[in-house]
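Structure record follows, encoded as structure tokens.
Throughout, protein chains are lettered first and strands after them, A, B, ... in sequence-line order, and every chain is numbered starting at 1.
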2 protein chains.
Amino acid sequence: MKLSTKGRYGLRAMIDLAQYGGEDPVSIASIAARQRISENYLEQLIAKLRRAGLVKGLRGAGGGYLLSRPPEEVSVGDILRALEGNLNPVECPGLAGDGGCDGADLCVAKYVWKRINESVNRTVDEMKLCDLVKESRRVQEERENLHPHGIE
Amino acid sequence: MKLSTKGRYGLRAMIDLAQYGGEDPVSIASIAARQRISENYLEQLIAKLRRAGLVKGLRGAGGGYLLSRPPEEVSVGDILRALEGNLNPVECPGLAGDGGCDGADLCVAKYVWKRINESVNRTVDEMKLCDLVKESRRVQEERENLHPHGIE
DNA sequence: TCTAATTCCTAGTATTTTACTAGGATTTAT
DNA sequence: ATAAATCCTAGTAAAATACTAGGAATTAGA
């Protein structure tokens, strides 16, 4: 039960984009360098984000990507679902309709799966991209105060 | 981000065991038949449960398995962790200690991973095996009332 | 208009994980 | 003795993951 690199790298890419992209678009190459992710692979992840309407791509020299919506209106859930397909650890036929499973005992477990699914989705939906950017800025500032002369 | 059949089948096996096993041990064959799971595969899952101390195996003819603890003292989390290893969707070095990740931006995502991990574990830990057995009995009784003559 | 920088698109592939299957050794009730 | 069961380990087919590779299309700027 693991979140794949799609979700892990992709969220970091979105945070990076929110942080370094203001007016000007941010290129895949620059995100890949900062985040130490393969350019080719990152490209595929960002393609998913684009198809989900979370980022806009600008082609040609000087192009790159921009957030489609302000970070306040993008939840971590939006991002991870775009990358992972969905965030339901268990896909059980019984969860959709009311019937589904074969026997009675087969079906009791579905209450567990339902709660797990709800818990994960609620958790990621209540975190917004802007929260992460804010936190990132805070952490960076703290570092500056500890090492004022740019010591690594 | 999926829970594997280990967790899915294994939880059903534990519910079955709690429901059909009182004094007498329950055999793998009977669980496998009721739950429609391969005997050989189920055996491996129950081995994990045994190694985690959740069930006791009784060898020889007439043998089978028994719960080690009463269903009130076994959480769904205990069961799923025994089967899946752990229930942390993200294993991030930064989550263990306080350092870990390379750069500042690499590390902000860890707050997300932490929350997801906590949310999943909290959710499964607050459900006990006895709750599921109770629910299962309730559902079965309801069926009886709807179909009093044993109609399928 | 040419060139370089960039996104866009698709196919392929090595590695890992999952979900089993198979079969023999050991133990125990009858 | 025999049959019923757990116990143990090795193997394996299929699926998913995590990439790599490379070319087509677009655009800014010289």
May I ask you to evaluate whether [X] reaches the phosphate of [N], defined as a side-chain N or O under 4.0 Å from OP1 or OP2?
{"X": "A/Y41", "N": "D/dA21", "result": "no"}
{"X": "B/R50", "N": "D/dT6", "result": "no"}
{"X": "A/S27", "N": "C/dA5", "result": "no"}
{"X": "B/Y9", "N": "C/dT18", "result": "no"}

| field | Check: B/N121/B/N88 side-chain N/O donor and acceptor closer than 3.5 Å | value |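 On atom types as modelled, these side chains qualify, holding a pair under 3.5 Å.
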| A/T5 side chain: which of D/dA18, C/dA25, D/dC8 is closest? |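 Selected nucleotide (nearest to the side chain): D/dA18.
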| query | Taking the side chain of A/S38 as its heavy atoms from C-beta onward, which of C/dG23, D/dC19, C/dT7 lies nearest to it? | reply |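 Out of C/dG23, D/dC19, C/dT7, the nucleotide with an atom closest to A/S38's side chain is D/dC19.
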Measure the distance from [atom1] on [X] to [atom2] on [N] and round it to the nearest whole Å.
{"X": "A/K2", "N": "D/dA15", "atom1": "NZ", "atom2": "P", "answer": "23 Å"}
{"X": "B/E43", "N": "C/dA19", "atom1": "CD", "atom2": "C1'", "answer": "15 Å"}
{"X": "B/R59", "N": "D/dT2", "atom1": "CZ", "atom2": "C1'", "answer": "17 Å"}
{"X": "B/Y65", "N": "D/dA4", "atom1": "OH", "atom2": "P", "answer": "17 Å"}
{"X": "B/M1", "N": "C/dT18", "atom1": "CE", "atom2": "P", "answer": "14 Å"}
{"X": "A/Q35", "N": "D/dA18", "atom1": "CD", "atom2": "C1'", "answer": "18 Å"}
{"X": "B/Q44", "N": "D/dT9", "atom1": "CD", "atom2": "P", "answer": "11 Å"}
{"X": "A/L83", "N": "D/dA18", "atom1": "CG", "atom2": "P", "answer": "12 Å"}

| said: Considering every strand and a 4.0 Å limit on heavy-atom distances, what is the contact class for A/I46: base, sugar-phosphate, or nothing? | reply: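 Nothing: the residue A/I46, judged by heavy atoms under 4.0 Å, touches no strand.
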| query | Are B/E118 and B/R115 close enough for a salt bridge, meaning some N to O gap below 4.0 Å? | reply |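 Looking at B/R115 together with B/E118, the answer is no, because their closest N to O distance does not fall below 4.0 Å.
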| Between A/E84 and A/G7, which heavy-atom pair has the shortest distance, and what is it? |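 Looking at all heavy atoms of both residues, the closest pair is OE2-N, 3.0 Å.
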| task | For B/G64 and for A/G62, locate the closest nucleotide of DNA chain D by heavy-atom distance; then report the residue assigned to the nucleotide nearer the 5' terminus. | result |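 Closest to the 5' end, via its nearest nucleotide, is B/G64.
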| field | Residue whose nearest DNA chain D nucleotide is more 5′ - A/N40 or A/L58 | value |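 Its nearest nucleotide lies further toward 5', so the answer is A/N40.
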| task | Identify the residue among A/K128, A/R69, A/K48 that makes a salt bridge (charged side-chain N to carboxylate O under 4.0 Å, His left out) with A/D78. | result |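 Answer to the salt bridge (charged side-chain N to carboxylate O under 4.0 Å, His left out) test with A/D78 among A/K128, A/R69, A/K48: A/R69.
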